[in-house]
*Asks:* 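Supplied in structure tokens, the structure appears directly below.
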Number of protein chains: 2
Amino acid sequence: MQLTRQSEYAIRTMLELSMLPEGEFMQSRTIAARQELPEQFLNKTVQILARSGLVETRRGMQGGIRLTVKPGEITIADVVAAVEGKIALNPCLADGYHCANQPACRVHGILKRAQAAMLAELGKETFAELAGEDENRITS
Amino acid sequence: MQLTRQSEYAIRTMLELSMLPEGEFMQSRTIAARQELPEQFLNKTVQILARSGLVETRRGMQGGIRLTVKPGEITIADVVAAVEGKIALNPCLADGYHCANQPACRVHGILKRAQAAMLAELGKETFAELAGEDENRITS
DNA sequence: AGTAATAAGATGATATTTATCCTGTTTGTG
DNA sequence: CACAAACAGGATAAATATCATCTTATTACT
């Protein structure tokens, strides 16, 4: 009932990249260092982001990672979706699963709404807003 | 990012019990059979529910499990909380964790609201309502 | 006593998550 | 060209978490 650490790493990565001037690359090493993440594992995460089209990578010197989307146009919901795949609060909600005709599945509707509510929240603020907040942040 | 199966079993159990006349016991065997759950594992789950005070057990003949709360006064949120403990969408939100002063934790607020939104949904309908729906249910 | 029922500890089986290692492949630089 | 910098990706290991079962109590009714 938690986001995986990989999701968290992905979110942090996107946030770092969102704070960069548009079109600029940042290296995974730098991200790993700034956020104190295991570099190799982060690389895997970046690959996922890249395959999902959120990010673009470039090898070799002066390579790195950069956004392919505008920070103003993506949200945490997008990143979580990319990393964790289709979210299903319960197998009951997963694709292709056919609810047995049992009383328990009355629950189905509620879980579905709960999940929708959560995703809606996660989709409310863009990374641009998140990154912006960061500059003059207040101690939480 | 999913409820555990144990949570699901617990929900189904509470639902079965909610459909019983008040004060009546149902045996774990019966619940397991009706819902097609592994009996022994279900027992563990019931123990958790019992320790959380949602349910009461009685050993020996004519023993079983019954609610200690009114179906109209509990929701899926309560059951999930009992089984999964304090929910935290992210370590960041867990008790005692102190956010490093890093940009990523801007995310904190959003995750918190998302989680709250989800729990709010899960707390909207009581088991009385769920069990009621069940009697004249419509094929979903 | 005997039987029906849950309690609880130990243990095992999987599955998932997290992490690392190693060997490519790409790309700029001297 | 040769080299170094940086990501790509397969294999594998380590750590957890989840799911399940077995066994031995303990409780309570008859």
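Protein chains get the first letters and strands the later ones, always in sequence-line order, with residue 1 at the start of each.
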*Asks:* Classify the nucleic acid contact of A/Tyr9 as base, sugar-phosphate or nothing, counting any heavy atom under 4.0 Å across all strands shown.
*Replies:*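 Here A/Tyr9 touches the backbone only, sparing every base.
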*Asks:* Picking from C/dT29, D/dC7, D/dT30, which would you name as closest to the side chain of A/Met61?
*Replies:*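 Output: C/dT29.
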*Asks:* Side-chain N or O of B/Gln2 versus OP1/OP2 of C/dT16: is the shortest distance under 4.0 Å?
*Replies:*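 The answer is no; no side-chain N or O of B/Gln2 sits under 4.0 Å from OP1 or OP2.
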*Asks:* Find the distance A/Leu17:CG to D/dC7:P and express it as a whole number of Å.
*Replies:*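 My rounded result for the distance is 11 Å.
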*Asks:* In whole Å, what is the span from the CD atom of A/Glu36 to the P atom of C/dA19?
*Replies:*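 In whole Å, C/dA19 P lies 13 Å from A/Glu36 CD.
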*Asks:* Please round to 10 degrees the angle between the axis of the first five pairs and the axis of the last five pairs in the helix from C/dA1-D/dT30 to C/dG30-D/dC1.
*Replies:*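 So the angle between the two local helix axes works out to 10°.
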*Asks:* Starting at the 5' end of DNA chain C, which residue's closest nucleotide do you reach first, A/Gly60 or A/Gln6?
*Replies:*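 Mapping each residue to its closest nucleotide by heavy atoms, the 5'-most match is A/Gln6.
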*Asks:* Counting just side-chain N and O atoms, does A/Arg5 come under 4.0 Å of either OP1 or OP2 of C/dT17?
*Replies:*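 For C/dT17, neither OP1 nor OP2 has a side-chain N or O of A/Arg5 closer than 4.0 Å.
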*Asks:* Please determine if A/Glu39 and A/Lys44 form a salt bridge, counting it only when a charged side-chain N lies under 4.0 Å from a carboxylate O.
*Replies:*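 Between A/Lys44 and A/Glu39 there is no salt bridge, as every charged N stays at least 4.0 Å from the carboxylate O atoms.
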*Asks:* To the nearest 0.5 angstrom, please state how far the CZ atom of A/Arg29 sits from the CG atom of A/Asn43.
*Replies:*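 The distance works out to 11.0 Å.
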*Asks:* Starting at atom CZ of B/Phe41, determine the distance to atom P of C/dA13, rounded to an integer number of angstrom.
*Replies:*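 So the two atoms are 17 Å apart, to the nearest Å.
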*Asks:* Calculate the interatomic distance between B/Leu37 atom CG and C/dT6 atom P; express it in whole Å.
*Replies:*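 Value for this atom pair: 14 Å.
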*Asks:* Can you check side-chain contact (heavy atoms from CB on, under 4.5 Å) on B/Leu67 and B/Leu54, steps first, answer last?
*Replies:* CA-CA 6 Å; B/Leu67 295 179; B/Leu54 293 175; over 6 Å; no
*Asks:* Whole angstrom is fine here: how far is it from CD in B/Glu39 over to P in C/dA8?
*Replies:*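 So the CD-P distance, B/Glu39 to C/dA8, works out to 17 Å.
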*Asks:* Does a distance-only test, which skips hydrogens and angles, find a donor-acceptor pair under 3.5 Å between the side chain of A/Arg59 and the base of C/dT27?
*Replies:*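 Per atom types, no contact qualifies.
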*Asks:* Expressed in angstrom and rounded to an integer, what is the separation of B/Met26 atom CE from C/dA5 atom P?
*Replies:*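 It works out to 13 Å between those atoms.
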*Asks:* Only one of A/Arg5, A/Arg12, A/Gln6 clears side-chain hydrogen bond (donor to acceptor under 3.5 Å, both in side chains) with A/Glu8; which?
*Replies:*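 Among A/Arg5, A/Arg12, A/Gln6, the one meeting side-chain hydrogen bond (donor to acceptor under 3.5 Å, both in side chains) with A/Glu8 is A/Arg12.
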*Asks:* Can you name the closest pair of heavy atoms from B/Gly53 and B/Thr68 and give their distance?
*Replies:*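 Looking at all heavy atoms of both residues, the shortest contact is O-OG1, 2.5 Å.
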*Asks:* For the side chain of B/Gln40, counting heavy atoms from C-beta on, which of C/dG28, D/dT21, D/dC7 is nearest?
*Replies:*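 Of the options given, the side chain of B/Gln40 lies nearest D/dT21.
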*Asks:* Can you find a side chain N or O atom of A/Gln27 that sits less than 4.0 Å from OP1 or OP2 on D/dA6?
*Replies:*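 Checking A/Gln27 against D/dA6: at least one side-chain N or O falls below 4.0 Å of OP1 or OP2.
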*Asks:* Start with the C-alpha distance between B/Arg113 and A/Leu122, add both sets of side-chain angles, then the distance that settles side-chain contact (heavy atoms from CB on, under 4.5 Å), and finish with yes or no.
*Replies:* CA-CA 8 Å; B/Arg113 286 195 292 278; A/Leu122 291 182; over 6 Å; no
*Asks:* Among residues 42-51 of chain A, which contact DNA chain D at a heavy-atom distance under 4.0 Å?
*Replies:*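 Only A/Lys44, A/Gln47, A/Arg51 qualify.
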*Asks:* Kindly give the heavy-atom pair with the smallest separation between A/Glu125 and A/Glu129, and that separation in Å.
*Replies:*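 The answer is CA-OE1, 3.2 Å.
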*Asks:* Inspect the contact between A/Arg66 and A/Glu24 and indicate whether a charged nitrogen and a carboxylate oxygen are less than 4.0 angstrom apart.
*Replies:*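 Not counted as a salt bridge, because no side-chain N and carboxylate O are separated by less than 4.0 Å.
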*Asks:* Can you measure B/Glu56 atom CD to C/dA5 atom C1' for me and round it to whole angstrom units?
*Replies:*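 Taking CD of B/Glu56 and C1' of C/dA5, I get 15 Å after rounding.
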*Asks:* Would you indicate, yes or no, if C/dA7 has its OP1 or OP2 atom less than 4.0 angstrom from a side-chain nitrogen or oxygen of B/Thr57?
*Replies:*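 So the side-chain polar atoms of B/Thr57 do come within 4.0 Å of the phosphate oxygens OP1 or OP2 of C/dA7, strictly under.
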*Asks:* Which whole-number value in Å describes the distance from A/Gln62 CD to D/dC3 P?
*Replies:*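 My rounded result for the distance is 20 Å.
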*Asks:* If you apply the rule side-chain contact (heavy atoms from CB on, under 4.5 Å), what do you find for B/Thr13 with B/Val79, and how did you get there?
*Replies:* CA-CA 10 Å; B/Thr13 298; B/Val79 177; over 6 Å; no
*Asks:* Return the minimal non-hydrogen interatomic distance between B/Gly72 and B/Thr126, and the atom names on each side.
*Replies:*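 That closest heavy-atom pairing would be O-CG2, 3.1 Å.
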